[in-house]
Peer 1: 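Got a structure here, written out as structure tokens. Questions coming.
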Amino acid sequence: MSDAVYRDPTAPTDARVQDLLSRMTLREKVGQLNQRMYGWDAYRRTPDGDFELTEVLHAETDRFEGLGALYGLQRADAWSGVAHGSGPGAEDGAALAELVQRHVVGRSRLGIPTLFVEEVPHGLMALDGTVLPVNLAVGATWDPDLYERAAAHAAAELRSRGGHIALVSALDIARDPRWGRTEECFGEDPHLAARLTEALVRGMQGAPSADGVFAADKAPVVLKHFAGQGATVGGRNSAESELGWRELHEIHLPAARAGVRAGAAAVMAAYNEVDGMPCSGNRALLTGLLREDWGFDGLVMADGLAVDRLARITGDKVSAGALALNSGVDLSLWDEGFTHLEEAVERGLVSEGTLDTAVARVLRLKFRLGLFEQQHATASPPTGGAELSKEVARAAVTLLRNDGVLPIGGNVSRIAVLGPQAATTAHQLGDYTAPQRPGTGGSVLDALRRLAPPGLDIRHAPGCTLTGTDLSGIPAAIAEASGSDLAVLVLGGSSARTPETEFDANGAALKAVSEMTCGEGVDLAGLRLGAAQYALLDAVVATGTPTAVVLVQGRPHVVPDTAPALLTAWYPGPWGGEAIAEVLLGLAEPAGRLPVSVPRSAAQLPVHYNHKDTEYGGYVDESAEARYSFGHGLSYTSFEFGEPRLTGRTVEVDVTNTGQRYGRSVVQVYLRRLITPTWPRTLELCGFEGVGLAPGESRTVATRLGADQLAGADVVEVRVAPSARAALTAVPLTLDLRS
């Protein structure tokens, strides 16, 4: 078989795919569509520290004479049970991948390699992988170029460990912050999410060669989750989504459309249903829209066990697998349903031609990765991950309120650093994070002590824990605050899993334990912090000591404006403590802008800025307005926007730094549709650009309005402002598209 076309690296990819497909049995084809087992079940550590393959892997590869894909070979966390000492690290991850790949190829009659699929939610989820700030922090940077660099680093790290495919959340839009997976969203706005999704695809995948082959340090990305998962009812994970087709297109599909246009290799069908049909069985969504309307020719993967859930509709797992395949799913994830596709073909539930089409997509990706020529890691480990992670964290720190307290000035001689988040890095990391080696990163307290000028006395008391009602630590915190010139109160939440966490079959938390307040499976009915945190805040503010509150969180929590300064860093990663300290001390500027609106309470939800332009009724007992609007963020300097100008479809505005310090502003361009065939939204973000300016410096920012953005309207207003709320009163420019 040495002269087989599929063995010839000089042959066109499509010719290689068709030649290989023609040689495969039905059983072998079905095997290529299955990604059933967990990678951590494929190996074990021997007493001398080497790896050996398990009987589980042998059974799986024997079942279909090969293995289509293997999930999570490098994954380490409380769910997998993999930790330092038992799992692969930077020094031996590539060797383990090569060992497994040699086994799979050897068990395949045709020598077909497997795909190693890994979670890369905010950096590679593996031991020694670089942890980046979570997506909500990335959204707060409003900086696609920075994120593209971070994504490129994560891809290179993945490939250096022998991994192939990156699973990355990008498509979920945060419409209800009670949802535990809000941290995985870029924000509440489709345009912001679309720009960052494009950056993700460019950074991860790069520009493919003429024959579509990925570079050695680039990885195909699977964009999660398609579609509408951020709009589940009540903010509950995997619940139904009550979405009309227009709402889906206007809010939840633009990021996916941008990712497809950028060349994304794959998308993952979401758990939720759209118009009564779960996404993994929704042919109108996966085939009619994604493939036929958008021309997507990449891979569609089901989310974990989502295919088997379709048995609730079809009656059994055989027909559930057939429904998913007929709808457009190419690759399963741990499901039983796809293992029975041979029977489904024999029963006439699905045609072999439909099966062949899906198998061809899987094989094509393997050829594009060069797996038939390379059985080992193809990239050198990248360097500079910690500094890059800190750069993203620094860009995400968002100053929401400041009554002259920050940055910390020379008149401050003693600082009390308080709160349950002040001295920990564990709760800075977010969900989907591997265990960190001791000493990785640093807390806010650590960084302030290291970076503070000589003579600045820094005291510490935690005051309370993240959850619970224990107030016993508050008196010590009051004492430290009372004797200080400034109190830095670090509050927030945590998505940290522990071995005591009870997990669902797909890895989601079944119930919150310890200090978990966020993450997959940890949805909230309200948005309040732990009760003791509010007691601590009230007690510290009552001392009269000026207080700066820092929030380390995975969703916007409700925090009253009782302290003169308030900033949020989301989950900033291991080195986020240093980024926060730099901003507090004025060594760096607060550059972030809110990617989500911050509510006053859960009772006012929804508070996203881009609601329909109706006579929005208020509440008798509370304001209906968000506490802080989408796009809001303060600086240590001041900026002035000039009168915007409109030339054709290009908007220009002059921005000037009118303060005494360097700073970064984000010019935000919003549309307000005046004459349109359907009821419009109040505002729609259609462009933005970050501008860093020295004191007194001016720059002209130009934004070209795209045809897609203006489609469906006859007359629009264009408004340029530093936030969505400011745009409501900004001087509008009118663009008549009828002429």
Peer 1: Tell me whether Asp356 is salt-bridged to Lys29, with the criterion being a basic N under 4.0 Å from an acidic carboxylate O.
Peer 2: yes
Peer 1: Give a yes-or-no answer on whether the side chains of Gln101 and His103 include a donor-acceptor pair shorter than 3.5 Å.
Peer 2: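 The criterion, which ignores hydrogens and geometry beyond distance, is not satisfied for His103 and Gln101.
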Peer 1: May I have the step-by-step check of side chain to side chain donor-acceptor pair (under 3.5 Å) for Glu60 and His58, ending in yes or no?
Peer 2: CA-CA 6 Å; Glu60 288 289 338; His58 284 252; over 6 Å; no
Peer 1: Would Ser495 and Glu183 count as having a side-chain donor-acceptor pair, cut-off 3.5 Å?
Peer 2: yes
Peer 1: Is there a donor-acceptor contact under 3.5 Å linking the side chains of Thr54 and Arg44?
Peer 2: no
Peer 1: Would you sort out whether Cys279 and Val274 count as a side chain to side chain contact (heavy atoms under 4.5 Å, CB included), showing the intermediate values?
Peer 2: CA-CA 7 Å; Cys279 293; Val274 174; 4.0 Å; yes
Peer 1: Less than 4.5 Å apart, any side-chain heavy atom of Pro435 and any of Leu127?
Peer 2: yes
Peer 1: Answer yes or no: is there a side-chain heavy-atom contact under 4.5 Å between Trp570 and Pro595?
Peer 2: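 Sidechains of Pro595 and Trp570: in contact.
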Peer 1: Between the side chains of Thr354 and Thr357, is a donor N or O closer than 3.5 angstrom to an acceptor N or O?
Peer 2: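 The criterion, which ignores hydrogens and geometry beyond distance, is not satisfied for Thr357 and Thr354.
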Peer 1: Are Val222 and Val267 packed together at the side-chain level, in the sense that at least one heavy-atom pair is separated by less than 4.5 angstrom?
Peer 2: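 Counting from C-beta outward, Val222 and Val267 never come under 4.5 Å.
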Peer 1: Going by heavy atoms in the side chains, are Glu184 and Leu136 under 4.5 Å from each other?
Peer 2: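 No - every pair of side-chain heavy atoms lies 4.5 Å or more apart.
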Peer 1: When you compare the side chains of Gln32 and Lys366, does any donor N or O come within less than 3.5 Å of an acceptor on the partner?
Peer 2: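 On atom types as modelled, these side chains qualify, holding a pair under 3.5 Å.
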Peer 1: Distance only, no hydrogens: is a donor on one side chain within 3.5 Å (strictly under) of an acceptor on the other, for Tyr71 and Glu119?
Peer 2: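 Short answer, yes.
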Peer 1: In plain terms, say whether Asp431 and Arg497 are close enough for a salt bridge, that is, a side-chain N and a carboxylate O under 4.0 Å apart.
Peer 2: yes
Peer 1: Taking the side chain as every heavy atom from C-beta outward, state whether Val213 and Phe367 have any atom pair closer than 4.5 Å.
Peer 2: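 Val213 does not reach Phe367 side chain to side chain.
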Peer 1: Within the 4.5 Å heavy-atom criterion, are Val168 and Pro121 side-chain neighbours or not?
Peer 2: no
Peer 1: For Asp330 and Arg361: C-alpha separation, side-chain torsions, deciding distance, then whether salt bridge (Lys or Arg N to Asp or Glu O under 4.0 Å) applies.
Peer 2: CA-CA 7 Å; Asp330 303 307; Arg361 294 188 184 111; 2.7 Å; yes
Peer 1: Using the side chain to side chain contact (heavy atoms under 4.5 Å, CB included) definition, which of the options Val345, Leu355, Thr25, Val359 pairs with Val30?
Peer 2: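 Option passing the side chain to side chain contact (heavy atoms under 4.5 Å, CB included) with Val30: Leu355.
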Peer 1: Given salt bridge (Lys or Arg N to Asp or Glu O under 4.0 Å), test Arg161 with Glu157 step by step and report yes or no.
Peer 2: CA-CA 7 Å; Arg161 300 274 287 265; Glu157 207 162 73; over 6 Å; no
Peer 1: Kindly indicate whether the side chain of Asn135, heavy atoms from C-beta on, has any atom under 4.5 Å from the side chain of Ser169.
Peer 2: yes
Peer 1: Is the shortest side-chain N to carboxylate O distance from Asp14 to Arg364 below 4.0 Å?
Peer 2: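 The answer is yes: the pair qualifies as a salt bridge.
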Peer 1: Anything under 30° is parallel, anything over 60° is perpendicular, the rest tilted; go ahead and classify His164 against Phe116.
Peer 2: parallel
Peer 1: Please determine whether a side-chain nitrogen of the Lys or Arg among Arg16 and Glu373 lies less than 4.0 Å from a carboxylate oxygen of the Asp or Glu.
Peer 2: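 The answer is yes: the pair qualifies as a salt bridge.
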Peer 1: Which of these passes salt bridge (charged side-chain N to carboxylate O under 4.0 Å, His left out) with Arg63: Glu342, Glu28, Glu336?
Peer 2: Glu336
Peer 1: Quick one: closest heavy-atom pair of Ala193 and Ile173, and the distance?
Peer 2: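 Of all heavy-atom pairs spanning Ala193 and Ile173, the closest is CB-CD1, 3.6 Å.
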Peer 1: Does a salt bridge link Arg261 with Asp708, judged by any charged N lying under 4.0 Å from a carboxylate O?
Peer 2: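 Yes.
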Peer 1: Between the side chains of Asp62 and Arg27, is the shortest nitrogen-to-carboxylate-oxygen separation below 4.0 Å, so that they form an ion pair?
Peer 2: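 No, Arg27 and Asp62 are not salt-bridged.
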Peer 1: With rounding to the nearest 0.5 angstrom, report the CG to OG1 distance, Asp523 to Thr232.
Peer 2: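 So the gap between those two atoms works out to 7.0 Å.
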Peer 1: Taking 4.0 angstrom as the limit, do Arg681 and Glu247 come out as a salt bridge?
Peer 2: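 Yes.
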Peer 1: If you measure only the distance, is there a donor-acceptor pair under 3.5 Å linking the side chains of Asn237 and Tyr271?
Peer 2: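 Distance-only check fails for Asn237 and Tyr271.
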Peer 1: How far apart are the C-alpha atoms of Ile165 and Leu365, what are their side-chain angles, what is the distance that settles it, and do they pass the side chain to side chain contact (heavy atoms under 4.5 Å, CB included) test?
Peer 2: CA-CA 10 Å; Ile165 296 180; Leu365 197 52; 3.5 Å; yes
Peer 1: Do you know the tightest heavy-atom contact between Leu323 and Gly281?
Peer 2: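 Reported closest heavy-atom pair: CD1-O, 4.0 Å.
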Peer 1: Under a 3.5 Å threshold, yes or no: a donor from one side chain and an acceptor from the other, between Ser80 and Tyr38?
Peer 2: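 No, no side-chain donor-acceptor pair sits under 3.5 Å.
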Peer 1: Side chains of Asn610 and Arg175: any donor to acceptor distance under 3.5 Å?
Peer 2: yes
Peer 1: Would one find more than 12 heavy atoms of other residues, nucleotides or ligands at under 6.0 Å from atom CG of Asp297?
Peer 2: no
Peer 1: Could you tell me whether the side chain of Phe51 reaches within less than 4.5 Å of the side chain of Leu99, counting heavy atoms only?
Peer 2: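 Yes. Closest side-chain heavy atoms under 4.5 Å.
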